Amino acid sequence: MNTDNLQILLAERPVGWPEPRHFKIQSSPMPRPGDGEVLVRNLWLSLDPYMRGRMSDAKSYAEPVALGAVMIGGTAGEVVESRHPDLRAGDKVVGMLGWQRYGCAPARALMKVDDTRVPLQAYLGALGMPGVTAWYGLLRLCEPRAGETVVVTSASGAVGALVGQLAKARGCRVVGVAGGPAKCAYVVGELGFDACVDYKAGRLGEDLRAALPDGVDCLFENVGGEIFDRLLGMMRPFGRVALCGMISDYNATEPHAMRNLRAVLIQRLKLQGFIVSEHMDLWPQALRELAELAAAGKLRWRESVAEGLERAPEAFIGMLRGENFGKQLVRVG
């Protein structure tokens, strides 16, 4: 085992778009587990949009990453050393050990997983936080009924791709919004959506109206900004909106000025923002259902993989710009 630990720290707080200079790569002494803790070699790192918010010290639902601290992030790896009877060397675990090659954590903060039926990294995607996010937002907030129209923004992403498949399984008409013809072709051809609007094509309003002639019953919103604004104006009476993310505003110095907010009143909409980590009591049920679908081959997902921890900042910035295709991961190396 290497005696050094490679880490990526938050060096500066970005204003607008993050840049490589906002991160610092360093080698640190290997951590040692205390009583009740385990030492894990991280094999996979998850990169997610919420991390951009944690780089800021603006008031939010969670504490920001401190300057000079390891960047926050979900990880999947292998136990190297254990000082807790429930875990032993060689076990595969998922936790929040951040942007580093090795990490120590209490055993209770880690989840032991079985990677014999699905790849280990799936527990950072379809069988992890993105999967539970899709399951909770769609089934508990949108509550779609057969025959209704469900719209998913960022439809080819780690969350959106699963939302669409879960909605189709419940007999809904599903329309995605994604960036570029390749992503739209994937959403329709491989994931089974009924239609997809390419927001980069320059005809957003026209294409949304063509794809949604009867309006929207359920909107699973990941993007915010102009796309969200236009779709709010297309909601049907008593529609439901699960507000999961607003990535278009994360790097903006001024948020998008909403024009159709009155639709919430006029159409008597239910609009609910949510943070999936606040609903941990439902995770076992969600993960059980998602695992059954995955094992039966009824759940598809796609991954973008950056090779090596050193490439995490570049991959993270690219993800915020929509350059990834599916779940963005780093093979830590």
Side-chain angles (χ1 to χ4, degrees), residues 49-50 52-53 56 58-62 130 132-155 157 159-164 166-168 170-179 193-199 203-279 282:
Y50 77 84
R52 176 60 185 86
S56 169
K59 184 178 180 180
S60 184
Y61 62 87
V132 180
T133 299
W135 182 94
Y136 179 84
L138 180 72
L139 303 185
R140 293 304 177 102
L141 299 183
C142 281
E143 299 178 306
R145 296 179 285 272
E148 290 190 323
T149 296
V150 175
V151 175
V152 188
T153 59
S154 191
V159 173
L162 300 174
V163 172
L166 293 173
K168 284 297 295 181
R170 283 156 177 79
C172 299
R173 179 173 185 266
V174 181
V175 176
V177 181
F193 286 47
D194 296 284
C196 184
V197 171
D198 175 6
Y199 71 84
R203 307 181 302 270
L204 181 60
E206 177 185 344
D207 290 348
L208 285 174
R209 288 190 294 272
L212 300 162
D214 299 318
V216 181
D217 297 294
C218 171
L219 170 60
F220 195 106
E221 183 56 56
N222 293 302
V223 174
E226 181 187 2
I227 297 172
F228 179 33
D229 198 6
R230 287 181 179 270
L231 287 168
L232 265 185
M234 303 178 74
M235 297 295 296
R236 289 169 52 82
F238 305 103
R240 289 84 66 202
V241 180
L243 186 53
C244 177
M246 302 186 71
I247 193 171
S248 69
D249 281 346
Y250 291 170
N251 301 294
T253 54
E254 292 290 335
H256 178 81
M258 301 291 289
R259 298 176 180 273
N260 289 312
L261 194 59
R262 65 179 181 175
V264 177
L265 173 62
I266 294 170
Q267 302 290 42
R268 291 84 80 206
L269 305 180
K270 181 180 80 172
L271 190 158
Q272 178 69 59
F274 70 102
I275 306 300
V276 74
S277 60
E278 296 177 346
H279 305 281
L282 295 173

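The structure presented is a predicted model; accordingly, all values stated were derived computationally and were not measured. Heavy atoms only: backbone and side chains are in, while hydrogens, waters and symmetry mates are out.
- Distance check: E221 CD to T153 OG1 gives 3.5 Å after rounding to the nearest 0.5 Å.
- Here the straight-line distance linking atom CE of M235 with atom SG of C218 works out to 7.0 Å at 0.5 Å rounding.
- In this structure, T149 OG1 and D194 CG are separated by 8.5 Å, a value rounded to the nearest 0.5 Å.
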(request) Show the numbers, then the answer: is there a side-chain contact (heavy atoms from CB on, under 4.5 Å) between M234 and R209? (result) CA-CA 8 Å; M234 303 178 74; R209 288 190 294 272; 4.3 Å; yes
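- Heavy-atom minimum distance, P237 versus R268: CB-NH2, 4.3 Å.
- When every heavy atom of D229 is checked against every heavy atom of R259, the shortest pair comes out as OD2-N, 2.8 Å.
- Summarising the geometry, atom CG belonging to L269 is positioned 11.5 Å from atom CZ belonging to R236; distances are rounded to the nearest 0.5 Å.
- From T133, atom OG1 reaches atom CD1 of I275 across 9.0 Å, with rounding to the nearest 0.5 Å.
- Taking each heavy atom of E148 and E143 in turn, the nearest pair found is OE1-O, 4.3 Å.
- F274 and F220 have perpendicular rings, their planes meeting at more than 60° on a 0 to 90° scale where under 30° would count as parallel.
- Two residues are said to be in side-chain contact when any heavy atoms from C-beta on lie closer than 4.5 Å; L231 and L212 meet this criterion.
- When all heavy atoms of S248 and G224 are compared, the closest pair comes out as OG-C, 3.3 Å.
- Across all non-hydrogen atoms, the minimal contact from A167 to L138 is N-CD2, 3.6 Å.
- Here N222 contributes atom CG and I247 contributes atom CD1; the two are 8.5 Å apart, rounded to the nearest 0.5 Å.
- Heavy-atom minimum distance, L162 versus A134: CB-CB, 3.8 Å.
- When side chains are defined from C-beta on, F193 does not count as touching V175, because their heavy atoms never get closer than 4.5 Å.
- Side-chain contact check for R240 versus L141: every heavy-atom pair is 4.5 Å or farther apart.
- When side chains are defined from C-beta on, R140 counts as touching W135, because their heavy atoms get closer than 4.5 Å.
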